[in-house]
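If you read the sequence from its start, that first residue is 1, and numbering goes on from there. Predicted, not measured: the structure shown is a model, and the values here were computed from it.
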Amino acid sequence: MSNFNISKMSGISYQSFSQSSKVSSPDWEKIPHKGMERPSEAEFDGKIDALAKELAKARYQNDKSQYESLSAAGDKLRAQYISLVSPDRKTMAKEASEVMKQSRSNTGNKETDKPLNLIDYLNKKDGIGEYGENGRSSKASKSGTTVVFTGNDLQPDTFEIKGSKAGQTVMGYASGNWYHVNTPQEQGMQKSFLSKLNKAEERYYRQYINGDSLSQGQEMEPSTELKNRVDYLA
């Protein structure tokens with residue numbers, strides 16, 4: 001998290017958790033995937049409400065450290081919430097790693113000791129001619145998982161993962177980092193999660209700053225503060 005600007009009257013703004021997040025190794029508690037343990041809708045409502053109350057309290061108290069900690073917990077809760085419509089990223093990542101391992105093995109077996117002139121070097125870099133199978137557009141599949149190789153000799157082991165050849169990229173690996181990309185269905189679920197969380201947090205925050213006696217679940221019009229803040233995990 002970064003770019004914090006907390007004050008009791010101006011709300012909070014910070015860099016949100018993006019649609020695609022890069023990590024050195026997959027954190028399956030924060031990356032939504034098929035088969036995650038998922039509470040019932042009623043339990044979710046209670047967890048979201050409790051999180052919103054604590055976020056509002058940390059926001060009111062100008063407690064950056066606590067807000068960051070709670071935001072990390074929110075990342076996990078959000079992943080569980082949207083996993084209802086998530087692809088099986090965990091299996092896909094495992095299969096992609098196996099494909100890449102096999103590819104490295106095959107590439108190593110085909111290496112020759114012939115010297116490369118400038119043209120050979122550029123062809124190898126761009127995957128042209130005899131180097132075409134190592135080019136950026138090559139693909140390999142395993143158990144329905146399609147791995148699209150996007151790297152070259154200067155940036156090896158760079159690839160995207162799709163559920164099918166014509167499907168959307170849902171995960172990828174580049175420069176030593178894994179990342180995931182939400183599907184349209186996941187984006188819809190995330191929008192619902194954020195709406196619940198932001199409304200509840202704003203309601204509790206208003207209670208803290210001016211003593212409003214709003215009952216649990218009561219809706220209110222977004223304040224100027226809410227309109228001007230960056231949505232949590234948007």
Side-chain angles (χ1 to χ4, degrees), residues 16-44 47-48 51 71-110 127 132-153 155-194 196-197 232-234:
S16 64
F17 190 98
S18 64
Q19 297 293 337
S20 60
S21 60
K22 292 185 177 182
V23 289
S24 57
S25 60
D27 183 345
W28 296 116
E29 288 189 325
K30 294 184 179 180
I31 297 178
H33 60 280
K34 182 179 179 181
M36 291 187 78
E37 182 178 350
R38 193 177 186 278
S40 67
E41 291 301 317
E43 289 175 312
F44 258 124
K47 288 178 178 291
I48 290 172
L51 175 62
S71 296
D75 290 345
K76 296 179 182 180
L77 188 62
R78 183 185 65 157
Q80 289 179 319
Y81 189 82
I82 68 178
S83 67
L84 183 67
V85 295
S86 295
D88 192 359
R89 286 190 177 92
K90 196 170 185 179
T91 296
M92 295 168 75
K94 179 180 179 181
E95 292 177 347
S97 295
E98 292 172 354
V99 169
M100 287 302 299
K101 182 178 181 180
Q102 183 63 40
S103 174
R104 286 194 298 269
S105 176
N106 292 340
T107 300
N109 292 336
K110 295 176 183 178
E133 65 184 34
N134 295 322
R136 300 181 183 186
S137 61
S138 59
K139 299 180 181 180
S141 298
K142 178 181 176 63
S143 304
T145 298
T146 297
V147 182
V148 182
F149 301 91
T150 57
N152 51 57
D153 58 318
Q155 192 178 27
D157 296 345
T158 301
F159 56 91
E160 296 176 347
I161 305 175
K162 300 182 177 184
S164 64
K165 291 183 179 180
Q168 175 193 335
T169 297
V170 296
M171 285 196 75
Y173 185 86
S175 302
N177 291 311
W178 285 90
Y179 62 90
H180 84 275
V181 182
N182 284 345
T183 66
Q185 293 81 7
E186 288 177 311
Q187 291 177 30
M189 289 291 289
Q190 176 170 272
K191 184 177 180 180
S192 174
F193 175 85
L194 296 176
K196 292 181 179 182
L197 181 61
Y232 169 70
L233 301 181

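- Side-chain contact between Tyr179 and Glu160: present, with at least one pair of heavy atoms (C-beta onward) separated by less than 4.5 Å.
- Here Glu37 pairs with nothing under the side chain to side chain donor-acceptor pair (under 3.5 Å) rule; sequence neighbours left out.
- In this structure, Lys30 and Ala79 approach most closely via the heavy-atom pair O-CB, 3.4 Å.
- Residues Pro32 and Met189 are not in side-chain contact: their nearest non-hydrogen atoms beyond the backbone lie 4.5 Å or more apart.
- Between Ile161 and Tyr173, the closest side-chain pair of non-hydrogen atoms is not below 4.5 Å.
- Arg89 has its side chain out of reach of Trp178: every pair of non-hydrogen atoms, C-beta onward, lies at least 4.5 Å apart.
- Contact between Gly74 and Phe193 at its shortest, heavy atoms only, is O-CZ, 4.1 Å.
- Every side chain to side chain donor-acceptor pair (under 3.5 Å) that Lys76 has, sequence neighbours left out, goes to Glu29.
- Using a 4.5 Å heavy-atom threshold, the side chains of Met36 and Ser86 count as separate.
- Closest of all the heavy-atom pairs between Thr158 and Ala174 is CG2-CB, 3.8 Å.
- In this structure, Lys90 and Asp88 have side chains that are in contact, with non-hydrogen atoms separated by less than 4.5 Å.
- Aromatic pair Phe159/Phe149: ring centres not closer than 6.0 Å.
- Heavy atoms of other residues, nucleotides or ligands lying less than 6.0 angstrom from NZ of Lys94 number 12 at most.
- Considering all non-hydrogen atoms of both residues, Val170 and Pro87 come closest at CG1-CG, 4.0 Å.
- Of the possible donor and acceptor atoms, one in the side chain of Gln168 sits under 3.5 Å from a partner among the backbone N and O of Asn182.
- Under the rule for a salt bridge (charged side-chain N to carboxylate O under 4.0 Å, His left out), Lys162 has no partner lying at least two apart in sequence or in another chain.
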